[in-house]
Amino acid sequence: MVLQWSLFFMYICIKVTPTEASSWTAAVPSSVKGLLGSCVVIPCSYNYPEPQKSPQTFTGIWYNNDNQVICHSDASQTPAQFWSRTKLLGDLSKKNCSLMIDKLTRRDEGTFHFRIIMEAYTVFSYSKNKISVSVIDEPNPTDFSVQEEVKEGQTVSASCSVFHSCPTYPPSFHWSHSGEQHDQTQKLQNGQWNATSTLTFRSNRSDHNKPLQCSVTYHGGKQRVTSKTLKVKYAPVNVKVEYQSVNEGETAHLKCSSDANPVSSYEWHNESGTLLNKGQTYTMSNVSRHSIESVYCTAVNEEGQDRSSTMKLNVLYPPDIRTSSKCFSEDDVVKCECIVESRPPSMVHFVLGDRVLQSTSIEKVGSVTTGTLQTYFGSFKFVHCLANNTLGNANLTLLLPANAGGAQGRRQHQTWAP
């Protein structure tokens with residue numbers, strides 16, 4: 001009987017007692033930082049002396065510095081205030097005791113340690129392998145890199161990288177520019193992870209002087225936005241001549257403008273290509289409607305060049321009644337034509353005796369306005385043509401055909417006779 005109890009005692013000692021105390025080890029970082037409202041993952045692996053018979057059931061428990069249970073592998077054993085926020089992530093049978101604490105609060109700061117219960121073997125607390133958890137209010141700074149000065153059409157590669165401690169719910173990235181985006185996460189040491197997003201796109205002049213933004217959103221809702229301004233070099237576009245209409249005899253000031261980076265230099269040419277001037281402005285003195293020439297400007301920078309359309313200066317002048325204006329008879333109908341050249345166009349009317357008559361019809365072609373009068377002229381020998389615009393007025397006396405009143409009278413009599 002004594003021998004049976006001795007054998008039983010030896011069996012228990014071999015099954016339960018660890019062979020070497022030093023074999024009870026746990027690998028955890030000494031400290032980790034977690035973002036307020038987000039989560040923190042404590043990487044953990046443990047070791048123990050291998051018994052003759054491998055344990056089949058494992059129970060893992062995490063305690064805080066008050067020796068209060070914060071996570072139990074049997075969720076029903078986890079206190080209510082931690083039940084929905086803590087979770088064992090690893091497989092205990094594979095010696096993985098990693099812990100996640102979600103929705104971090106200030107009350108979660110402190111030290112923690114792990115305890116393992118192996119059924120029919122033993123219980124061990126890794127109280128010498130404690131980890132300190134601290135909570136930070138704001139996300140870690142973002143590492144944002146991009147080549148800020150590029151040429152139009154060049155491929156731009158930008159990267160946005162952040163450190164975090166919540167690999168279960170890694171940060172999400174959003175870029176202000178469209179392109180090909182690749183996101184990846186890398187495990188570092190001491191419970192830290194690195195999340196990186198890379199954006200690739202082809203630069204365009206519309207990107208010049210615009211911020212390229214990288215927005216990082218962390219689990220729990222906190223956000224950090226970082227930006228850098230792109231400088232895109234491109235050849236001149238939208239080259240045009242700017243000027244205001246000028247009165248005849250005055251001086252005209254023309255200006256060439258363009259959209260370019262770097263800023264353009266300018267040249268002025270006439271319609272045949274002769275160089276007139278270098279510089280952004282061009283001055284034309286004592287302008288005349290008769291001698292004004294068509295010009296264009298060219299914008300040049302290190303990326304290329306472009307030219308404006310050819311333009312002709314809009315010279316303003318008062319009415320000039322052409323001497324070809326006249327009165328004539330056509331099929332017994334007397335008509336008077338007053339041909340006026342002016343810019344802006346003129347109002348044309350006629351004076352017969354003491355009566356002011358509006359033109360029967362008006363025709364405008366470019367700077368020429370032709371007013372036509374068809375009426376009963378009676379015994380008058382002359383009719384006066386009057387023209388005026390905002391710059392002045394002019395008049396010319398037109399001789400009526402002989403017997404103009406008789407011809408017109410006969411025409412009207414024939415028309416209205418019963």
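Screening D143, I136, T142 against N140 for a side chain to side chain contact (heavy atoms under 4.5 Å, CB included) leaves a single residue, I136. A ring-ring contact (aromatic ring centres under 6.0 Å, His included) with F114 is found for exactly one of F58, Y63, W62, W24, namely W62.
Checked by atom type, the side-chain pair S215/Q223 shows a donor-acceptor distance below 3.5 Å. Using modelled atom types and a 3.5 Å distance limit, the side chains of T59 and D74 yield no donor-acceptor pair. Counting only N and O atoms by type, the side chains of S125 and R115 include a donor and acceptor under 3.5 Å apart. Side-chain contact annotation: Y266 with S258, donor-acceptor N/O pair under 3.5 Å present. A donor-acceptor pair shorter than 3.5 Å cannot be found between the side chains of T360 and T372. Checked by atom type, the side-chain pair Y317/N389 shows no donor-acceptor distance below 3.5 Å.
At least one donor-acceptor pair closer than 3.5 Å links the side chain of S176 to the backbone N or O of Q213. A donor-acceptor distance shorter than 3.5 angstrom exists from the side chain of R202 to the backbone of G153, with no hydrogens or angles considered. The main-chain N or O of H219 is found under 3.5 Å from a side-chain atom of S38 such that the two form a donor-acceptor pair. At least one donor-acceptor pair closer than 3.5 Å links the side chain of T78 to the backbone N or O of H72. Under a 3.5 Å cut-off, the side chain of Q56 and the backbone N or O of S54 do form a donor-acceptor pair.
Nearest heavy-atom pair, S264 versus A260, reported as atom, atom and distance to 0.1 Å: OG-CB, 3.2 Å. Shown here for N301 and A235, the closest heavy-atom pair between the two residues is OD1-CA, 3.8 Å. A pairwise comparison of heavy atoms in V239 and C256 identifies CG1-SG, 3.8 Å as the closest pair. Closest non-hydrogen pair, V216 versus C160, comes out as CG2-SG, 4.1 Å. N247 and V287 make their closest contact through O-CG2, 3.6 Å (heavy atoms, listed as atom of the first residue, atom of the second, distance). Residues P319 and N388 share a closest heavy-atom pair of CG-CA, 3.7 Å.
In this structure, E341 CD and T369 OG1 are separated by 9.5 Å, a value rounded to the nearest 0.5 Å. With rounding to the nearest 0.5 angstrom, the CG atom of L399 is 12.5 Å from the NZ atom of K326. Here the CD1-OG distance, from I321 to S346, works out to 8.0 Å after rounding to the nearest 0.5 Å.
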Residues C336, C385; criterion disulfide (SG to SG under 2.5 Å); working and verdict: CA-CA 9 Å; C336 292; C385 167; over 6 Å; no

Yes or no on side chain to side chain donor-acceptor pair (under 3.5 Å) for Q184 and T196, after CA distance, side-chain angles and deciding distance? CA-CA 5 Å; Q184 63 180 10; T196 302; 5.1 Å; no

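Residues F124 and Y48 place their aromatic rings such that the two centres sit no closer than 6.0 Å. Between H269 and Y296, the gap from one ring centroid to the other is short of 6.0 Å. If you look at W175 and F144, their ring centroids are closer than 6.0 Å.
When the shell of 6.0 Å around CZ of R107 is examined, it contains 12 or fewer heavy atoms from other residues, nucleotides or ligands. The number of heavy-atom neighbours closer than 6.0 Å to NZ of K255, taken from other residues, nucleotides and ligands shown, is 12 or below. The 12-atom threshold is exceeded at NZ of K222, counting heavy atoms of other residues, nucleotides or ligands nearer than 6.0 Å.
Using a 4.0 Å cut-off between charged side-chain N and carboxylate O, K233 and E303 make no salt bridge.
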